[in-house]
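Remember, it's 1-based here, ligands and their atoms both numbered in the order they're listed. As a basis for the values below, the full set of heavy atoms in this structure was taken, side chains included, without hydrogen atoms, waters or symmetry mates.
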Amino acid sequence: MNRGVEEVGRIFGDVGLGQFHVSLSRPVERGDYLAVDDEMHGRVLCQLDDLKRKSDFDLERAGALGPTDTAAIHESLLGLARIVGYRDEQGLVKCPTIPFRPGSHVFRAEEPLIADVLGLKHRANSGAYVGLLRNHNLRVELDINQLVQRHVSVLAKTGGGKSYLLGVLIEELLRHRVTCVIIDPHGEYGSLRFPAEKNGGHARFGVESQGFARQVQEYSPDPSLNPTAKPLTFSLRHLDPRDLLVFMGLTSVKTFLAPLKQLVERVGASSPEYTVHDLVRAAEGGEGAIAETLHERLEYVEQTKLLGPVGTSLSELVKKGDATLINLRGVAPDVQELVVARIASTLFDARKKDKIPPLFLVVEEAHNFAPQQGSAACSRVMKAIASEGRKFGLGLCCVTQRAARIDKSVLSQCNTQLILQVTNPLDLKAIAQSIEGLTAGMTEMIQSLPVGTALITGGGYHTPLFCEVRPRATRHGGESVQIVAA
Ligand SMILES: Nc1ncnc2c1ncn2[C@@H]1O[C@H](COP(=O)(O)OP(=O)(O)OP(=O)(O)O)[C@@H](O)[C@H]1O
Ligand SMILES: [Mg+2]
């Protein structure tokens, strides 16, 4: 929707270096891009951050008006614009260091200027095409290397479009043969195998329907509930007693590690093919509080049925260029935490030793796996990956509807944020605190974003931008359940 070099108003009042007021002669929407000619640097890109309609129709005049009277009202449309910048000869984005002159003409920005200053360009090898710049036909492509190296968060209220957008992102990663592991608590992502039914949006966004059946594999600790998934188990004998403590939900390594080690060694010496049941039996009747706790927690581990004689191997679980879904639908929350703890630590360890390709670990409902209050069995490894994963080519993507409930140290490490509509004040506060360069106007806009429009920060862009998410090439699996027929 490029409207050329249309003049929309004039700068008035005191002019700052970061923002200025504009008296608008044409309607412009909040978030639209504007341009001002600078004497030294040429055309500078700006963005409308706030709008107000001022009038001389005050309370007194309104009160004096009868029901059928008409009033002559003088009104003007005033905007607050922020300066985005211009590109200098070296290609760097800079802002003028002398304020614009009051009275300067303000234009609607042309698409080539927007694309140049924002850095919107086609990256054939490294671009994840997620949608079009809001109200324009400019492609927004996220830099895949940055996504993996600098982590991602997808934040929105429930029903805001997180899973849909994540599906778009995973399609792009699969197209570029980036290896992914997806923690899928609701079993939503199996639909990545199937092409979407086309709709009108597909043509505008230039998207072809496509399924990724060959690149998607699915595992579940409970394949009876999830028949498309292969069984996921972990090998007891490959488990260090320290890791076994995690499964047992025991955090005091000092108290429990030595006695557990002794128990495992004793059982292993008499039966090398031992099972969790053998450990339970051996722990039975032990004297003292520690032995009793070990027995009780081993019984719990036996019930989870996660530990078998032969576990799912790492080479089965991670296939270069493919997406592995860990379908946790119907699995108890405490067992989900154990699965995430084991998978995340195995992947992290394998990446440190370069045994698996660089990969992207997606965690849906991340507030459950790295909570801000209390802790989950996988909290520690989630924090470790958030702070150190990038060094080892393990990118983390946290998806949550409660930004306020996810561990702040994890959220603040996610340098690319994909934000859809958020209305909860606590979540908005958490988002505003974790993102640089978010203006008050943008924070307000987040509250009323329509479904399918995202605010993107990072991802290779130096300034936050609004993006209309492209339609899915694959089927979306997160449709709400209809309770009564429509
Ligand atoms: N970009 C989009 N284009 C078209 N429809 C969309 C888009 N994003 C989301 N939707 C629709 O909005 C609905 C909710 O989206 P989605 O399932 O992604 O929400 P969510 O944020 O993951 O919700 P929840 O918190 O419940 O998991 C879906 O029915 C989906 O079809
Ligand atoms: Mg969802």
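- The distance from ligand 1 to the heavy atoms of K157 drops below 4.0 Å at these ligand atoms: 21 (O).
- Among the atoms of S163, an N, O or S atom falls under 2.8 Å of the Mg ion (ligand 2).
- Residue contacts with ligand 1, taken as heavy atom pairs separated by less than 4.0 Å, involve H476 solely via side-chain atoms from C-beta onward.
- A cation-pi arrangement is not found for R470 relative to F205, the charged atom failing to lie both closer than 6.0 Å to the ring centre and inside a 45° cone about the ring normal.
- Taking the centre and axis of the six-membered ring of Y129, the NZ or CZ atom of R175 falls outside the cone set by 45° and 6.0 Å.
- A salt bridge does not link E197 with R475: none of the charged nitrogens is closer than 4.0 Å to a carboxylate oxygen.
- With no hydrogens or angles considered, no side-chain donor-acceptor pair links T400 and R402 at under 3.5 Å.
- With a 4.0 Å heavy-atom cut-off, ligand 1 is reached by the side chain of V451 but not by its N, CA, C or O.
- In S163, the parts holding a heavy atom less than 4.0 Å from any atom of ligand 1 are both the side chain and the backbone.
- Judged as a side chain to side chain contact (heavy atoms under 4.5 Å, CB included), and not counting sequence neighbours, the contacts of R53 are E75, L77.
- Residues satisfying the ring pair (Phe, Tyr, Trp, His ring centres under 6.0 Å) test with Y164, not counting sequence neighbours, are H476.
- Side-chain contact annotation: T423 with Q447, donor-acceptor N/O pair under 3.5 Å absent.
- Considering backbone and side-chain N/O of K162, one or more are found under 3.5 Å from N/O of ligand 1.
- Taking distance alone, with nitrogen or oxygen atoms compared against 3.5 Å, G159 approaches ligand 1 more closely than that limit.
- Taking every heavy atom of G452 and a limit of under 4.0 angstrom, the matching atoms of ligand 1 come to 1 (N), 2 (C).
- Of the polar atoms of G160, at least one N or O is found under 3.5 Å from an N or O of ligand 1, judged by distance alone.
- The distance criterion of under 3.5 Å between nitrogen or oxygen atoms is met by T158 with respect to ligand 1.
- Cation-pi contact between R351 and F348: absent, since separation from the ring centre below 6.0 Å together with deviation from the ring axis within 45° is not met.
- Taking any N or O of Q401, backbone or side chain, none lies under 3.5 Å from an N or O belonging to ligand 1.
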